Every structure is written in structure tokens, then in C-alpha cells.
Amino acid sequence: MRLHSGAAGISERDGFLAWRALSPAHEAAAQEAEALWHGLGTAGERVREDGKAGRGRITRRAFMTGGVIAAFGLGATLSGPLRRRMLADYSTGVGEAREVVLPNGSRAWLNSSTGLALDYSGARRGIRLLEGQALFTVMPDPARPFVVAAANGWTRAVGTVFDVDMRAESVAVTVVEGVVAVGIDGGPPDGTTMGADQTVRYDLGGITSPQNVDASMATAWRRGKLIFNRRPLEDVVSELRRHTHTQIVIAGSSLKALEVTGVFDLNDPQSVLETIEQTLPVRVLRLPLLNVIL
């Protein structure tokens, strides 16, 4: 967008050409970005004109605040791998999990299909979870709290270990060690405080009270397992979607609350669907790129 705005100089254009020549992966990313840009049509033309008139600079932060996404109508377009590649500082693909070292020594374990963007400042260490699930091990720094924003809420810690899980309809925060505060945008500034082996969930309707859980179960994905103990089918499907290229849909809202229990291998998400079909009053319609739970 910088290159197409008319504000980029020769050095920036030459730098971009040099970058895309470094590897086939860079060239593929450049072509994907160009394809997206040309697909924007008249919306792209408006941005180019705005760039010439205002000599402004469109940054990742502008994307993250939603202004540019709203102007382009990219809410649906920027999804999946393309969204993570364009907006995230750290990301994983389907079936991939990895650990990253954040500035100041904190660490994040990224589950499959996860994207993180950094928003560090002098006053705080900020992270935005764009999608997916991540386990954070935070280095203590009382002068700079560690804050993870996800959907319409936030989790604040100084030195602790906690898991943030963006699901289809809500966000779940589980504490493994230490104490964190969880709040929602527009809610009490101090949020809700909880300790180890406790979890809360929040959505657009508010935030729940802390509930006691087995944190090791909630973070079993780090060990290559999926463990469900009377988990709603809706949550189970949300988890499975991260680990397969095949879309999974629940046909009928009444099925979403059905409870699933079991221990499964992350490398075999289809075994979860088979168990669901064997133990619940449902059947799975299997199509080439789509599984429908009926």
C-alpha cells in the first residue's frame, strides 16, 4: 500500500524488489499482496488518492485498529493464512505449533492457526492475539505490565503463565501460574482477578466469574493432545478447525451444547469426529472440503 500510495521513494521501491528476490517465499508473499491490492478495485483507488493528498503512511497499527479494514471491507478477505501473514509479527499455519521469544525475554507458545502482533511501548508490553490460541510465560517487570488484547477484552499480568484461547463465540483465559486480571473493553479498569487453575470466558455480552479448572488439561495442546471433559460441541469444533484444512460446520444451534469427553491425538483430528459420531446423537456428512455435523 505504501508503494501504491505515491509517497514511496526510489530507495523503498528498490528495497522491495531486493526483498522479494531473496527467496521464493518472499516472491509468493509479494504476489499475494499484489493480487489482494488489485482485487480491491475502486477502494484501492481511493486510498491511492488519499495517499497523494495527505502524504499519509498506512501502517500495521492502522490495520489493527480496524479503520483501514472497515474502509476496504476486508473483514472477510483478511482471514486465515493471508490475514496472519499480513497483520501478525508471529504466526503458525494449520497443524503447526511453535515457541517464540518476545522482546524482554517473555515467551509465547503458539497453537495451530494462530497470529500475534506486537504493540510494545514505554509504559507496557502489549500483544494482540489476532486469532488462535497462545500460552504466555511472562518475565516479571512491575513497571511494564504485560497485556494481551483479544477480541473485545484484555488480560494483564506482571509475571505469570497463562493461556488465551480465541474461540468461535468467546475468548477463554486460563491461568497456569501466578495471578492475572481479565477485563472487557468499557468494563471496570481493574478487571477480574484470578489465580492458578482458574479460567474465565468473555464475549460481547460480558465476562463470567472465575471457575476452577485443571490448567494442564486446557493446555494439553502443547503436549500434542486434545482433552475434553464435558466440553460443548461448539468448543470442540472450534478447536478442531485450527488443526485441519477441512471446514467443519454444526448444522443446527441445538447441537452446539452437546457435551464431548475424551483424549485425542492432535495429529488425527478426524478421530474426534468419529468419536462424536459414535457417542452423540449426530452424524457427520463428509464432503471433500467440508464436514457437516447433523
Side-chain angles (χ1 to χ4, degrees), residues 76 78-85 87-88 90-100 108-116 129-136 150-151 162-174 176 199 201 203 213-294:
L78 289 180
S79 60
L82 178 58
R83 183 174 188 268
R84 291 193 294 273
R85 183 176 295 172
L87 304 185
Y90 306 103
S91 64
T92 54
V94 174
E96 177 189 7
R98 68 186 181 108
E99 183 185 34
V100 297
W109 270 96
L110 277 61
N111 198 354
S112 177
S113 305
T114 295
L116 297 180
L129 181 61
L130 302 173
E131 61 182 318
Q133 181 177 16
L135 179 75
F136 299 94
F162 64 96
D163 181 277
V164 182
D165 182 4
M166 288 186 69
R167 300 174 183 173
E169 305 294 337
S170 62
V171 177
V173 180
T174 303
V176 179
T199 187
R201 182 183 293 203
D203 55 24
V213 296
D214 182 347
S216 65
M217 184 181 298
T219 58
W221 58 270
R222 282 190 57 193
R223 305 186 296 276
K225 299 294 182 181
L226 292 175
I227 302 178
F228 303 120
N229 182 19
R230 303 187 66 182
R231 282 275 294 277
L233 180 59
E234 180 180 30
D235 284 357
V236 173
V237 168
S238 180
E239 178 67 36
L240 290 179
R241 286 175 181 145
R242 297 174 181 155
H243 302 282
T244 177
H245 291 283
T246 302
Q247 182 59 263
I248 305 172
V249 175
I250 302 175
S253 57
S254 61
L255 304 180
K256 294 181 179 180
L258 295 175
E259 296 178 340
V260 178
T261 297
V263 179
F264 305 94
D265 191 332
L266 265 180
N267 295 321
D268 189 14
Q270 285 297 321
S271 67
V272 186
L273 288 178
E274 293 173 2
T275 298
I276 288 172
E277 204 169 21
Q278 294 168 2
T279 60
L280 297 181
V282 301
R283 66 184 181 90
V284 180
L285 175 63
R286 292 173 173 83
L287 302 174
L289 295 176
L290 175 67
N291 290 323
V292 182
I293 301 176
L294 303 166

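Just so we're clear, the structure is a prediction, and the values are computed from it rather than from any experiment. Numbering starts at 1 and runs along the sequence shown.
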Can a donor-acceptor pair be found, under 3.5 Å and without considering hydrogens, that links the side chain of [X] to the backbone of [Y]?
| X | Y | answer |
| --- | --- | --- |
| Thr199 | Val173 | yes |
| Thr275 | Leu273 | no |
| Ser113 | Gly132 | no |
| Arg223 | Ser216 | yes |
| Thr92 | Ala97 | no |

[atom1]-[atom2] distance between [X] and [Y], expressed to the nearest 0.5 angstrom:
| X | Y | atom1 | atom2 | value |
| --- | --- | --- | --- | --- |
| Glu259 | Leu233 | CD | CG | 10.5 Å |
| Asp214 | Asn229 | CG | CG | 9.0 Å |
| Leu290 | Leu285 | CG | CG | 7.5 Å |
| Leu226 | Met217 | CG | CE | 12.0 Å |
| Leu255 | Leu280 | CG | CG | 9.0 Å |
| Ile250 | Leu258 | CD1 | CG | 8.5 Å |

Do you know which two heavy atoms are closest between [X] and [Y], and how far apart they sit?
| X | Y | result |
| --- | --- | --- |
| Ser112 | Gly95 | OG-N, 2.7 Å |
| Asp265 | Gly224 | OD1-O, 3.6 Å |
| Arg167 | Ser238 | CA-OG, 3.5 Å |
| Ser271 | Asp268 | OG-O, 2.7 Å |
| Asn291 | Gln270 | ND2-NE2, 3.3 Å |
| Trp221 | Ala134 | CZ2-C, 4.3 Å |

Note, [X] side chain near [Y] side chain (heavy atom, < 4.5 Å):
| X | Y | value |
| --- | --- | --- |
| Arg286 | Glu277 | yes |
| Asp235 | Phe228 | no |
| Val237 | Lys256 | no |
| Leu129 | Leu116 | yes |
| Ile276 | Val282 | yes |

>> I need the full list of side chain to side chain donor-acceptor pair (under 3.5 Å) pairs touching residues 241-252, with sequence neighbours left out, sorted by first then second residue.
In response: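 As it turns out, the side chain to side chain donor-acceptor pair (under 3.5 Å) pairs with a partner in residues 241-252, which skip direct neighbours, are Gln133-Arg242, Asp165-Arg242, Glu239-Arg242, Glu239-His243, Arg241-Gln247.
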>> Can you confirm whether more than 12 heavy atoms, excluding those of Arg283, are under 6.0 Å from its CZ atom?
In response: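 No, CZ of Arg283 has 12 or fewer neighbouring heavy atoms, counting only those of other groups under 6.0 Å.
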>> How about CG on Leu289, more than 12 heavy atoms from neighbouring residues, nucleotides or ligands closer than 6.0 Å, or not?
In response: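 Incorrect, the count does not exceed 12.
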> Looking at Arg222 and Asp163, does any basic side-chain N land under 4.0 Å from a carboxylate oxygen?
Replying inline: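 So Arg222 does not pair with Asp163 through a salt bridge.
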>> Taking side chain to side chain contact (heavy atoms under 4.5 Å, CB included) as the definition, give me every residue that meets it alongside Asp203, ordered by chain and number, with sequence neighbours left out.
In response: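 Partners of Asp203 under the side chain to side chain contact (heavy atoms under 4.5 Å, CB included) test: Ser170.
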